[in-house]
Amino acid sequence: MSVTALSAEPLLRRLEAAQAPAVDTPARTRARDLFLRYGLPHRKVEAWKYTDLKPVSEMPFVAAVSAPVTAADLAPWRLADAHVLVFIDGGFRADLSEFNATDGVSLGRAAPGASVSGEAAADAVAALNGALATDGALVRVPDGVSLDRPVQFLFVATGGAVRSAQVRNRIDLGRGASASVVETYAGLGTEPCWTNVVTDAVVAPGAALDHAILQSQGSAAWHTGRISARVDTAARFSNCTVSLGAATARQDILVQLAGVGAECRLTGANLGRGQQHLDYFSRIDHAAREGRSVQDIRVAVDDRAMSIFQGCIAVAPDAQKTDAKQLCRNLLLGERSIAFAKPELEILADDVKCTHGATTGDLGVEELFYLRARGIGADEARQMLVAAFVADVLEGLEAPVRGHLESAVSQWLRGAP
Amino acid sequence: MLEIENLHASVDGKEILRGLTLNVRAGEVHAIMGPNGSGKSTLSYVLAGRDGYEVTSGSVRYFGKDLLALPAEERAREGIFLAFQYPVEIPGVANANFLKSAVNAVRRHQGVSELDAMDFLKLARARMKLLQMDEKFLSRAVNVGFSGGEKKRNEMFQMAMLEPKLALLDETDSGLDIDALRIVADGVNALRSPDRGIIMITHYQRLLDYIVPDFVHVLAQGRIAKSGGKELALELEKAGYAGIGEAA
């Protein structure tokens, strides 16, 4: 038993004491056992080698009533013309939410019975979520139905006390169904807090799920998120993750291309400054023939911020005719900023096309001079070039979601946290 | 408006300009000709304020002010425009956004109200028409995928939008076919006015058939080796640059 695992039980007890009791189910018990076996992953766990969660295990979590939140507080993050499900400090708030489901669609609060995803040490954070989560968002779209408007899961941490929010979301698309879902994580307070979220998505044959994450938590927040998507025959899954908030954020994107001809497109941006630590981890399992995956991640880090990209592409022996492309481009804006890019390919089939690339550089001096020679100030010129660098990964997103992410990016560029 | 006095400048420790003196008054068009490596482009970059070009001695006064003390963007806002020999491609930045930012940065500096999207478009369309440019260039990324001629025309379009007091055209004629050259020349000629100065840097005499200069200077080994009227360009066309460097 590792040192970290020893501290697993007190952490679990503290987190349990600081939240509403979860009803025991066999899955929950299993999740709890799993977490107690491994504890929070330490840096000897390969997938977590760059991110140390020790400070989380030392946070003095308390049960505290959330400060009142009004619709006006949420306005900056709310997606217009969308179904909006609002969660304050991890708890669903019907009074602040606004959605109407038709055509047999289920929208609203998920009652997580806790499923266990993964059995390894690297999955212990998700296991802890499975043991504790009592709330989350639900989207269920029946066969053949296209959701009329995007769905936003809006999670806001209020601050005022050190809290944890353990959230478990569920997205289910039936055969040939389609939906667009964006998860927004925002913070109102400056206290440390921990948001730990797991989203389980199932994309049935021929269905299409466009999924986006905007991580814009407060400057002292810790954020761990995981989305696991199972993508079936001829189905399509896309995820765009923009991570620009929190002190430390870790996002896991796990995609299983389970059916023949399944596709996924993973894009995103880590934008950090100050001493931010942003860790993006993905694993695409090509488990069936003729799968296609495209990944394009952009990183811009300033000051002493650190970004990590770990992207694993695994091609099973049967997954012939797989076509996988991976790219991670890093922009180091500060002399002391750091970006790690770690591609991993595990290819067990012989008739596949897999490419990967990573670049690291600074803003181009030629471009900067050209803009300045036209009267554009150095700061504005830099902002324009970073915005252009990031813009590529937002392309192809549906207009309202794209606008949502773009405005967060441009706020970040103007220096807002 | 521009007084260059005994200017010495180095790039990477190598002296390129070696005592260049030149005066440009409002309303004048000066052509600077010279062989490759004589310092023509260095002069344009030094005047525009590019990093890495170190002025070791001499002075440049622009409307009486010390030009060399200003950063590149301030020079542009004060009315200096460099038409690049090799316009830079900027993926992801739309021509319209870029130019609107530029126009408004200049207007802010001059204390004029900024253009809104509508007024900007109106002005841009009018100027593009003058240069026979397709409006689709507004929405395309700056210079990305533009042909050589399109890039040069885009430079002239930017110049027409920014209405500089002093325009530096660095080999604007290179890479242009005769039709494009005519259009570009028309654009420059339309900008000629009694309160505007123009410096044309060119290797060939050809451009001067279309934009007739008031003065022609020959640059050799980092200084003006010979000055004269427009007829000097014709002489050079016949005799070449040979001998001029040595004479200096």
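This is a predicted model, so every value here is computed, not measured. Protein chains get the first letters and strands the later ones, always in sequence-line order, with residue 1 at the start of each. The figures that follow rest on heavy atoms only: side chains count, while hydrogens, waters and symmetry mates do not.
Contacts between residues 87-102 of chain B and chain A, defined by a heavy-atom separation under 4.5 Å, are made by B/Pro87, B/Val88, B/Glu89, B/Ile90, B/Pro91, B/Gly92, B/Val93, B/Asn97, B/Phe98, B/Ser101, B/Ala102. Near-neighbour residues of residues 330-344 of chain A relative to chain B, defined by a heavy atom under 4.5 Å from a heavy atom of that chain, are none.
Within a 6.0 Å radius of CG in B/Asp66, other residues, nucleotides and ligands contribute more than 12 heavy atoms. When the shell of 6.0 Å around NE2 of A/His356 is examined, it contains 12 or fewer heavy atoms from other residues, nucleotides or ligands. For CZ of B/Phe120, the number of neighbouring non-hydrogen atoms (other residues, nucleotides, ligands) closer than 6.0 Å is greater than 12.
A salt bridge is defined here as a Lys NZ or Arg NE, NH1 or NH2 lying under 4.0 Å from an Asp or Glu carboxylate O, and B/Arg50 with A/Glu366 meets this definition.
Across all non-hydrogen atoms, the minimal contact from A/Ala373 to B/Ala76 is O-CB, 3.3 Å. A/Phe369 and B/Ala72 get closest at one heavy-atom pair: CE1-CB, 4.0 Å. The minimum heavy-atom distance between A/Ile376 and B/Arg77, with the atom names listed, is C-NH2, 4.0 Å.
Considering only residues two or more places apart in sequence or on other chains, B/Asp116 meets the side chain to side chain contact (heavy atoms under 4.5 Å, CB included) condition with B/Met118, B/Asp119. For B/Glu150, there are no salt bridge (charged side-chain N to carboxylate O under 4.0 Å, His left out) partners, not counting sequence neighbours.
Only the side chain of A/Glu380 has a heavy atom closer than 4.5 Å to any heavy atom of chain B.
Interface remark: of the candidates B/Leu162, B/Asp51, B/Leu82, B/Asn104, B/Leu82 forms the most heavy-atom pairs closer than 4.5 Å to chain A. Listed options A/Gly377, A/Ala381, A/Ala387 were ranked by heavy-atom pairs under 4.5 angstrom with chain B; first place goes to A/Gly377.
Side-chain contact between A/Arg374 and B/Val142 is absent, with no heavy-atom pair separated by less than 4.5 Å.
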